[in-house]
**Student:** 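One structure follows; several queries about it will come next.
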Amino acid sequence: MMDTPLAPNGSPRRIMAIWCQTLALDRWRQAEGCAPGEGPDAAPLVLTMDTAHGPRIEAANPAALAEGAAPGMMLADARTLCPRLDLRPADPAGDLAFLERFAVWAQRWGPWSALDAPEGVLVDVSAVAHLFGGEARLLADVVACCAGRGLAVRVAIAPTAGAAWALAHHGPERAILAPEDDPLARLADLPVAALRLDPDVLLVLRRLGLKRIGDLVRVESGAGDRASGRDALRRRFRTRHAASANPLIRLDQLIGHVPEPLLPVTMPEVPLVQRRLMEPIRHRDPLDTVMIDLAADMERLLEGRGEGARRLDLAMWRVDGEVLTRRLELAAATREATHICRLFAAKLDDIDAGFGIEMVRLTASWAQPLPLGQADLEAAAEEHGTSLAACIDRLSVRLGAGAVRRPVLHASHIPERSLRWQAPLEPEPLHQEELRFHARPTKLLDKAEAISVLYASPDGYPRRFRWRGEVHEVARVEGPERIAPEWWRERGNARLRDYYRVEDGLGRRYWIYRSGLPDDGRGGMPVWFLQGLCG
């Protein structure tokens with residue numbers, strides 16, 4: 001029988017399992033903006049992952065499944081069944097990040113939730129089902145809300161996480177296991193895969209003829225001699241200590257004899273300030289006054305945390321229940337109240353207060369560390385010019401987020417790929433610090449220009465070169481610095497480069513390189529280019 005787990009308030013423990021059956025495909029559909037079976041999704045489509053033995057299918061849409069392409073199959077085998085298969089790369093890291101956000105969103109149905117990677121979430125719904133009109137209506141609400149977000153899910157409720165998982169993955173639709181039900185009798189017809197065991201353990205059980213949970217329970221009970229049957233299974237799996245590798249542990253977790261710790265997903269604490277107004281406001285001047293108070297409160301709150309805001313969300317609740325939102329993204333972390341009010345002022349001109357606004361909330365949804373600095377003690381500080389970050393913020397608010405761009409470093413040894421342009425509101429990408437020690441010219445040409453070079457030997461440094469119609473005699477040479485092609489993105493015939501810093505007789509310095517080596521088998525004789533000017 002089941003040991004009925006209890007929640008902290010003394011009520012029976014109820015765990016809801018939510019299984020996103022096609023999480024990766026649903027994320028792809030959302031990015032492409034198409035519904036299941038429509039648009040690009042109507043053709044056979046698979047998401048693939050590179051492995052040591054070649055690409056492997058991670059997910060397949062219904063059209064691909066109908067053609068014989070299934071998850072876990074090697075792509076080469078699937079192409080023999082469906083030559084017109086469309087491919088997209090799988091993104092496990094993106095799927096996990098989405099699942100974490102989904103777990104936080106799922107806390108609308110319970111006080112806490114936990115990840116059940118790679119496609120599931122567990123929610124504690126103990127003593128909350130009556131708020132939705134019962135557990136059946138709770139499950140219906142989950143399915144409806146997830147469908148609104150473009151997610152196909154299967155859900156179940158049971159006293160333990162193991163039983164809920166088994167019913168969600170292998171049981172009937174929207175299954176409910178009541179506290180007084182016998183779990184072994186209800187789950188006896190489910191396959192042993194419902195116990196969340198490793199594939200090699202499932203293979204051993206199938207070879208032993210144990211294909212369903214009921215078969216395992218009968219062996220474990222020992223046909224009247226429970227101790228002998230359980231001892232036989234314990235000896236068979238005595239070297240398996242992990243829960244996913246030992247069917248006895250999973251069976252005890254299923255019926256509640258062994259507790260299963262779950263790690264709740266917690267939402268990070270977000271700096272938030274708000275004002276509940278005694279009387280609704282309908283005009284701009286009182287709203288500006290409230291905005292000044294909120295910005296001052298946010299400044300004190302961020303200063304105490306040692307942070308600055310990169311993204312601020314302003315929400316205004318009207319009397320009729322509608323919520324008006326405005327978002328502000330900043331080029332650099334700040335907590336200056338005056339600057340925040342000035343930027344929000346341009347976003348509040350079109351606010352329709354209706355019958356009045358009764359609550360205003362300001363949230364820093366993205367904050368970065370910003371250490372405290374020495375305040376300017378001079379009275380002339382008020383006459384200081386606007387900082388670059390503040391100027392970018394004003395231009396972005398007036399012209400749009402995509403109208404202002406900035407150069408950022410990119411992790412690449414190839415000079416023309418080591419710099420990229422992006423919007424200032426986008427986070428700066430990670431770059432490799434080890435690339436910083438290379439000396440680079442003060443000016444790079446937009447495109448390397450071919451030059452004619454005279455050299456003593458094909459693999460030696462140049463003695464003279466012609467660029468833009470002028471001949472330069474080489475007086476000094478520094479190099480070479482060899483840069484190999486990026487094999488993961490170049491073709492097989494890409495040639496390496498040898499860079500030289502050269503100085504002519506007039507003291508002008510240039511950055512040139514030789515593309516290729518003699519007899520490297522990737523083309524003819526080496527070709528020379530000038531790519532930069534040194535200071």
Side-chain angles (χ1 to χ4, degrees), residues 267-376 379 381-404 423-427:
M267 183 183 299
E269 184 180 355
V270 177
L272 180 149
V273 293
Q274 67 181 17
R275 285 287 189 277
R276 296 182 180 272
L277 307 176
M278 296 182 62
E279 294 184 1
I281 58 176
R282 300 179 57 187
H283 303 289
R284 177 64 185 273
D285 291 342
L287 182 59
D288 288 339
T289 303
V290 174
M291 188 67 233
I292 293 173
D293 293 341
L294 289 177
D297 293 346
M298 180 61 70
E299 181 179 10
R300 288 190 292 268
L301 179 60
L302 291 175
E303 183 177 357
R305 296 164 59 104
E307 295 178 340
R310 286 294 304 275
R311 183 187 298 119
L312 290 165
D313 294 307
L314 182 67
M316 294 157 283
W317 276 261
R318 298 196 326 190
V319 175
D320 56 4
E322 185 176 352
V323 182
L324 308 176
T325 59
R326 294 294 183 271
R327 169 166 289 186
L328 181 66
E329 293 191 342
L330 307 171
T334 184
R335 51 175 175 260
E336 184 182 350
T338 326
H339 181 55
I340 294 173
C341 290
R342 185 185 300 117
L343 296 177
F344 266 120
K347 292 180 172 291
L348 300 180
D349 294 332
D350 59 342
I351 290 295
D352 180 13
F355 293 103
I357 297 174
E358 59 182 355
M359 188 176 76
V360 184
R361 174 181 297 171
L362 182 62
T363 306
S365 55
W366 178 17
Q368 289 181 342
L370 183 64
L372 296 174
Q374 173 70 41
D376 196 337
E382 299 178 358
E383 302 177 1
H384 286 178
T386 303
S387 66
L388 177 61
C391 178
I392 293 175
D393 292 336
R394 293 183 181 182
L395 291 175
S396 300
V397 170
R398 292 182 181 181
L399 306 179
V404 184
L425 303 181
E426 299 177 7

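All residue numbers in this chain count up from 1 along the given sequence. Being a predicted model, the structure only gives us computed values, none of them experimental.
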**Student:** How close do Pro280 and Gly356 get, heavy atom to heavy atom, and via which atoms?
**Tutor:**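 Looking at all heavy atoms of both residues, the closest pair is CB-CA, 3.8 Å.
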**Student:** Please report, to 0.1 Å, the donor-acceptor pairs under 3.5 Å made by any side chain of residues 269-278, with sequence neighbours excluded.
**Tutor:**
{"residue": "Gln274", "atom": "OE1", "partner": "Arg361", "partner atom": "NE", "Å": "2.8"}
{"residue": "Gln274", "atom": "OE1", "partner": "Arg361", "partner atom": "NH2", "Å": "2.9"}
{"residue": "Arg275", "atom": "NH1", "partner": "Asp297", "partner atom": "OD2", "Å": "2.7"}
{"residue": "Arg275", "atom": "NH2", "partner": "Asp297", "partner atom": "OD2", "Å": "2.7"}

**Student:** Which heavy atom in Leu362 sits nearest to a heavy atom in Met298, and how many Å separate them?
**Tutor:**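 For Leu362 and Met298, the tightest heavy-atom pair comes out as O-CE, 3.4 Å.
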**Student:** Indicate the atoms forming the closest heavy-atom contact of Ile281 with Pro286, along with that distance.
**Tutor:**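 Result for this residue pair: CG2-CB, 3.9 Å.
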**Student:** When you compare the side chain of Leu312 with that of Thr363, does any pair of heavy atoms fall below 4.5 Å?
**Tutor:**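 SC-SC contact between Thr363 and Leu312 ruled out.
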**Student:** Measuring from atom CG of Leu324 to atom CG of Asp350, what distance do you get when rounded to the nearest 0.5 angstrom?
**Tutor:**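 So the CG of Leu324 and the CG of Asp350 are separated by 9.0 Å.
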**Student:** Testing Met291, Arg327, Lys347 for side chain to side chain contact (heavy atoms under 4.5 Å, CB included) with Leu314, which one passes?
**Tutor:**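 That would be Met291.
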**Student:** Taking Arg335 for the side chain and Glu307 for the main chain, is one N or O donor matched with an acceptor at less than 3.5 Å?
**Tutor:**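 Answer holds: yes.
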**Student:** Taking all non-hydrogen atoms of both residues into account, name the closest pair between Ala337 and Ala296 and its distance.
**Tutor:**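 Taking every non-hydrogen atom into account, CB-N, 3.9 Å.
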**Student:** Not counting sequence neighbours, which residues clear side chain to side chain donor-acceptor pair (under 3.5 Å) with Ser365? List them please.
**Tutor:**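 Counting only residues at least two positions away or on another chain, Ser365 forms a side chain to side chain donor-acceptor pair (under 3.5 Å) with Asp313.
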**Student:** Quick check: closest heavy atoms across Met316 and Ile357, and the distance to 0.1 Å?
**Tutor:**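 For Met316 and Ile357, the tightest heavy-atom pair comes out as CB-CG2, 3.9 Å.
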**Student:** Check side chain to side chain contact (heavy atoms under 4.5 Å, CB included) between Ala315 and all other residues, then give those that pass, not counting sequence neighbours.
**Tutor:**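 Partners of Ala315 under the side chain to side chain contact (heavy atoms under 4.5 Å, CB included) test: Trp317, Val323, Thr325.
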**Student:** With a 4.5 Å limit on heavy-atom distance, are the side chains of Asp288 and Arg284 in contact?
**Tutor:**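 Yes, at least one pair of side-chain atoms sits under 4.5 Å.
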**Student:** Is Arg282 salt-bridged to Asp352, going by a charged N under 4.0 Å from an acidic O?
**Tutor:**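 No.
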